[in-house]
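Accompanying notes for the structure given below.
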Amino acid sequence: MAKYLIQKSAPLKGEVEISGSKNAVLPIMAAALLSEEECTLRDVPALRDVEVLKDLISYLGAEVNRIDTNTYTIQTREIKSTEAPFDLVNKMRASFLVAGPLLARTGRAKVYMPGGCTIGARPIELHLKGFRALGAEVRQDEVGSYVEITSDRLVGANVYLDFPSVGATEHIMMAATLADGPTPIQTAAEEPEIVDLANFLNKMGARVKGAGTETIKIDGVEKFKACNHGIIPDRIEAGTFMIAAAITRGNILIKNAVNSHVKAIAAKLTECGVVIEDTDEGMLVRGDVNPLVSTNIKTMPYPGFPTDAQSPFMAFLTTVEGSSVVIENIFENRFMHVSELNRMGANIKIDGRSAIIYGNRHLEGTKVISTDLRAGAAMVLAGLVADGTTELSEIYHIERGYENFVEKFRKLGATIIRIDD
Ligand code: UD1
């Protein structure tokens, strides 16, 4: 099994180019199943999750060609199977997103239940509620190992989401593009990835309005056309490098990030004393100007503080003056990095959905694991400021979601290597 060896590093300095967004590209690849025409996708990050979804949509009938490292064409002249088998979906939660396009295009989808990060129960009832509202029939086996959804014809309908779920919003949006009539989604998620998916669907010929607000309206169309779309930059990767500048007291120029997508992370880093400047070349993040102090964080749906940046930010908070409180409102099991950080010398106490982080800790390198994708990123950041060597295992989680992670850190001066055991 591969590992990262990380050593205490000098403050990170230099520039880093942000890749295309993992969370935007996955639903867009699934949405390409809706159309018979060719979709060209640019700025696709080279990630394990992208490979996994490529295998799944290819199995279902898509012809996927990699034109160069970050450009793909996808064309699904016909759907060859309406069943997504367990061995293809269990590697990644987002695989479930093929159900909506399969249903809309063929009237049937049978999908085995997804895997992915174990950060909470991650139910799908909001997705299913949306499909039922559009007139589909939903069946699950007794143990919930698969879901089968069928419909003669989807009919547009009002869908109220009890929570602004990102996946459910994306899923219902995709299915509704081929339904008869309008589908307003209320309490829709407002994440930038939702807007990117809507832009992609509209380039294909769909009629989606209001993405990025709490009400999205989709008017069904008959068919789609060829399109060409560039994926938005990854705001969580950008946030991770912003926090890297802070934790190492470094000075990093972040290129290709969309500033408005990382406002909450920037605001919280600024509260801690980090200086962030917008320059013509990108966002300059400086942890080397002021003494850095504690702050409190609550994760919220966008535009609130993203749950995906919570664990890297917590690693940073262990190093500042004072104590901080972090409240995780989105996923009930997203503090798995706490025990790993504590093993390195952090002092973090969990009480339900809250964690108290006592600052100014002296971290020591030891053997730790990546318990999930973002927790893995948090451990890398902690390793950069810990004395000695941090041996981080189960890094496949990190490689699912960060393109050229080690190379990007090394370019900034970090001492980190990947070894195969
Ligand atoms: C997506 C992101 C993930 C991010 C999350 C929240 C992708 C591939 N993943 O995940 O990185 O952390 O958004 O920003 O884009 N929920 C229900 N019922 C449902 C669906 C969700 O109760 O039917 C709950 C979940 O259990 C969770 C909350 O809603 O507590 C948020 O989940 P959701 O927004 O759906 O996240 P994902 O789309 O799975």
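Counting convention: from 1, in listed order, for ligands and their atoms alike. Position 1 is the first residue of the sequence; numbering continues from there.
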Legend entry - Sub-4.0 Å heavy-atom contact, Arg93 with ligand 1: yes
Legend entry - Test item, Pro123 contacting ligand 1 (heavy atom, 4.0 angstrom): yes
Does atom [atom1] of [X] have more than 12 heavy-atom neighbours, drawn from other residues, nucleotides or ligands, at distances under 6.0 Å?
X	atom1	value
Glu214	CD	no
Asp162	CG	yes
Asn158	CG	yes

Show which atoms of ligand 1 fall inside a sub-4.0 Å distance from at least one heavy-atom site of [X].
X	result
His127	23 (O)
Arg334	12 (O)
Gly167	35 (O), 38 (O)
Thr307	6 (C), 12 (O), 14 (O)

Legend entry - Arg235/Glu193 salt bridge by N-O under 4.0 Å criterion: yes
Inset, instruction - Answer yes or no: is there an ion pair linking Arg108 with Glu148, defined by an N-O contact shorter than 4.0 Å? - result: yes
Inset, instruction - May I ask you to check if Arg374 and Tyr402 form a cation-pi contact, with NZ or CZ under 6.0 angstrom from the six-membered ring centre and within 45° of the axis? - result: yes
Legend entry - Straight-line distance of Leu26 CG to Leu53 CG, nearest 0.5 Å: 5.5 Å
Quick one: does [X] get an N or O within less than 3.5 Å of an N or O on ligand 1?
X	value
Pro164	no
Asp308	yes
Glu170	no
Leu26	no
Ala168	no
Glu332	no
Phe163	no

Inset, instruction - Classify the contact between Ile330 and ligand 1 as side chain, backbone, both or neither, using a heavy-atom distance cut-off of under 4.0 Å. - result: both
Inset, instruction - Go through the structure and list residues passing side chain to side chain contact (heavy atoms under 4.5 Å, CB included) with Val293, not counting sequence neighbours. - result: Glu321
Inset, instruction - Give me the ring orientation class for Phe313 and Phe305: parallel if the planes are under 30° apart, tilted from 30 to 60°, perpendicular past 60°. - result: perpendicular
